[in-house]
Amino acid sequence: MEFIPKQDFNPEKIADSGQCFRLNQLEPGRFRLTARKRCVELAERADAWALDCPAAEFDGLWRSYFDLDTDYAAFRAAVPEKDAYLTAAAKFGTGIRILRQDPWEMLVTFIISQRKNIPAIRACVEALCVRYGENLGREYAFPTPAALSGAGEEGLRTCALGYRAGYVLAAARLVQTGALDLEALASLGDGELLEALTAVPGVGVKVASCVSLFGYHRIAAFPRDVWINRVVHEHYRGRFPLYRYKGFAGVIQQYLFYYARYEGKNTKN
DNA sequence: TCCCAGGCGATCT
DNA sequence: AGATCGCATGGG
């Protein structure tokens with residue numbers, strides 16, 4: 001059993017922040033995360049979240065995965081008081097952290113994300129895992145490139161991928177054959193990484209930005225989706241002051257996204 | 001029935 | 001280079 005202080009760590013918010021789709025609430029105060037071929041449960045205590053894993057696994061995986069050694073309060077401190085909207089968003093989103101997720105899983109997941117709402121993305125990803133992922137006991141792992149290559153377009157369409165099935169299959173083949181080395185991309189600069197990712201069919205700037213941010217922890221990336229565009233249009237006259245947040249705009253983006261989606265009241269979307 | 005969802009790519013002007 | 005449109009699927 002390991003513990004994460006509640007200070008600036010909130011699984012409920014992270015689960016609903018749109019960056020990950022396999023952190024699920026089992027019951028109030030209890031979450032289950034499947035990632036990196038592992039499954040871990042988080043249980044709420046008075047001042048901390050308890051993880052049901054050995055110390056070695058926590059230190060070797062989850063501490064980094066949850067980005068626990070980064071000071072998010074320092075990012076929030078860059079928000080000027082005069083920006084009332086972002087000040088409120090940052091306060092509301094305190095506890096969100098940018099997880100260090102698997103690049104392959106992020107690539108597939110965010111290809112799927114286009115023109116889908118978050119519950120639909122979750123359903124697709126879950127279907128893929130159950131159908132093509134390794135059985136881990138309590139949950140299924142995210143499928144390997146080889147598994148999705150073997151699924152074929154029809155198999156993928158069974159998981160409600162729709163027209164994205166061809167994109168996912170193409171990506172799976174690129175990675176499986178070695179034509180695309182996702183691990184090697186980690187050594188690229190932000191710009192080169194974005195370029196390499198957008199070369200994948202079905203991956204544009206927005207999806208590539210999400211993969212950069214959530215799969216390669218490029219926290220300078222600032223994915224612009226319909227929610228962000230809406231916020232920027234309604235609260236910033238179409239111009240968001242990115243210059244204030246150089247190097248960590250992705251963190252700000254998460255606060256904006258989470259707050260905007262909450263504000264839209266349709267928390268279901 | 002219409003509209004929208006963490007867009008992208010092809011096809012126009 | 002910018003604007004428009006089709007694309008699968010599900011939910012409100």
Side-chain angles (χ1 to χ4, degrees), chain A residues 13-23 89 92-93 96-99 101-103 105-128 130-131 142 148 151-172 174 180 194-236 238 240 242 249-269:
Chain A
K13 293 181 185 177
I14 293 170
D16 197 32
S17 70
Q19 63 172 300
C20 66
F21 302 89
R22 305 201 70 203
L23 174 57
F92 186 73
I96 294 174
R97 313 181 77 80
I98 310 291
L99 305 187
Q101 302 184 75
D102 177 65
E105 180 174 339
M106 292 301 97
L107 179 61
V108 174
T109 298
F110 281 97
I111 285 175
I112 291 171
S113 77
Q114 60 182 270
R115 299 295 291 174
K116 277 185 179 294
N117 58 31
I118 289 179
I121 299 165
R122 294 185 101 96
C124 284
V125 170
E126 184 59 23
L128 279 181
V130 169
R131 196 170 163 87
F142 191 84
L148 292 190
E153 190 164 332
E154 285 312 305
L156 297 180
R157 278 179 187 266
T158 306
C159 300
L161 297 202
Y163 67 90
R164 309 158 192 82
Y167 294 148
V168 170
L169 184 60
L174 282 173
L180 176 61
L194 203 72
E195 195 177 336
L197 290 171
T198 51
V200 178
V203 177
V205 172
K206 190 272 170 182
V207 168
S209 298
C210 285
V211 177
S212 294
L213 178 56
F214 305 129
Y216 291 90
H217 205 73
R218 304 303 174 92
I219 62 172
F222 188 84
R224 294 174 184 271
D225 61 13
V226 291
W227 292 95
I228 295 298
N229 285 335
R230 191 174 301 156
V231 166
V232 171
H233 177 73
E234 290 179 4
H235 296 276
Y236 297 91
F240 185 73
L242 273 178
V251 175
I252 300 301
Q253 193 271 5
Q254 278 289 276
Y255 290 142
L256 288 173
F257 179 80
Y258 182 72
Y259 192 53
R261 238 166 51 85
Y262 164 78
E263 265 198 324
K265 261 183 216 161
N266 266 333
T267 322
K268 292 147 298 221
N269 278 345

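Residue numbering restarts at 1 for every chain, and letters A, B, ... go by the order of the sequence lines. Please read these numbers as outputs of a predicted model, since none were measured by experiment.
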Once you round to the nearest 0.5 Å, how far does CG of L161(A) lie from CD1 of I111(A)? 10.0 Å
Nucleic acid contacts - residues 154-164 of chain A versus DNA chain C, non-hydrogen atoms under 4.0 Å: R157(A), G162(A), Y163(A), R164(A)
Between dT11(B) and dA8(C) - P atom distance, rounded Å: 15 Å
Protein-nucleotide distance (F21(A), atom CZ; dA5(B), atom C1'), rounded to Å: 12 Å
Just the rounded figure in Å: distance from C1' of dA5(B) to CZ of F110(A). 14 Å
Atom CD of Q114(A) and atom C1' of dA5(B) are separated, to the nearest Å, by 11 Å
R97(A): which residues meet the salt bridge (charged side-chain N to carboxylate O under 4.0 Å, His left out) condition with it, sequence neighbours left out? none
H233(A): ring-ring contact (aromatic ring centres under 6.0 Å, His included) partners, not counting sequence neighbours: none
OP1 or OP2 of dG9(B) less than 4.0 angstrom from a side-chain nitrogen or oxygen of R115(A), does that happen here? no
Regarding G18(A), tell me which of base, sugar-phosphate or nothing describes its non-hydrogen contacts under 4.0 Å with the strands shown. base
Among all residues two or more places apart in sequence or in another chain, which pass the ring-ring contact (aromatic ring centres under 6.0 Å, His included) test with Y236(A)? F240(A)
For F92(A), does its backbone N or O pair with a side-chain atom of K13(A) as donor and acceptor, under 3.5 Å? yes
In terms of the nearest nucleotide of DNA chain B, which residue is placed more toward the 5' end: P201(A) or F257(A)? F257(A)
In whole angstrom, what separates L197(A)'s CG from dC8(B)'s P? 12 Å
Using the test salt bridge (charged side-chain N to carboxylate O under 4.0 Å, His left out), find all partners of D102(A) that sit at least two apart in sequence or belong to another chain. R36(A)
Separation of N117(A) atom CG from dG12(C) atom P, in whole Å? 9 Å
Shorter than 3.5 Å, N or O on both sides, protein versus nucleotides 11-13 of chain B: list them out with atom names.
none

Which residues share a ring-ring contact (aromatic ring centres under 6.0 Å, His included) with Y255(A), sequence neighbours left out: none
Without decimals, in angstroms, what is the distance between E153(A) CD and dT9(C) P? 11 Å
Got a sec, which pairs hit salt bridge (Lys or Arg N to Asp or Glu O under 4.0 Å) with one end in residues 249-260 of chain A, sequence neighbours left out? none
Could you state the CG-C1' distance from N229(A) to dC8(B), rounded to the nearest angstrom? 15 Å
Would you indicate what Y167(A) reaches in the nucleic acid, counting non-hydrogen atoms under 4.0 angstrom: base, sugar-phosphate, or nothing? sugar-phosphate
According to ring-ring contact (aromatic ring centres under 6.0 Å, His included), who are the partners of F21(A), at least two apart in sequence or on a separate chain? F110(A)
Contacts of R157(A) meeting salt bridge (charged side-chain N to carboxylate O under 4.0 Å, His left out) (sequence neighbours excluded), chain-then-number -> E153(A)
Applied to residues 196-214 of chain A, the side-chain hydrogen bond (donor to acceptor under 3.5 Å, both in side chains) test, sequence neighbours excluded, yields none
Scan residues 217-226 of chain A against DNA chain B and write down, sorted by residue number, each residue with any heavy atom closer than 4.0 Å; if none is found, say none. P223(A), D225(A), V226(A)
Indicate the ring-plane relationship of Y163(A) and Y167(A), choosing parallel, tilted or perpendicular according to the 30° and 60° boundaries. perpendicular
Round to the nearest Å and state the distance from W227(A) atom CH2 to dC4(B) atom P. 12 Å
Categorize S17(A) for me: base, sugar-phosphate, or nothing, with a 4.0 angstrom heavy-atom threshold over every strand shown. base
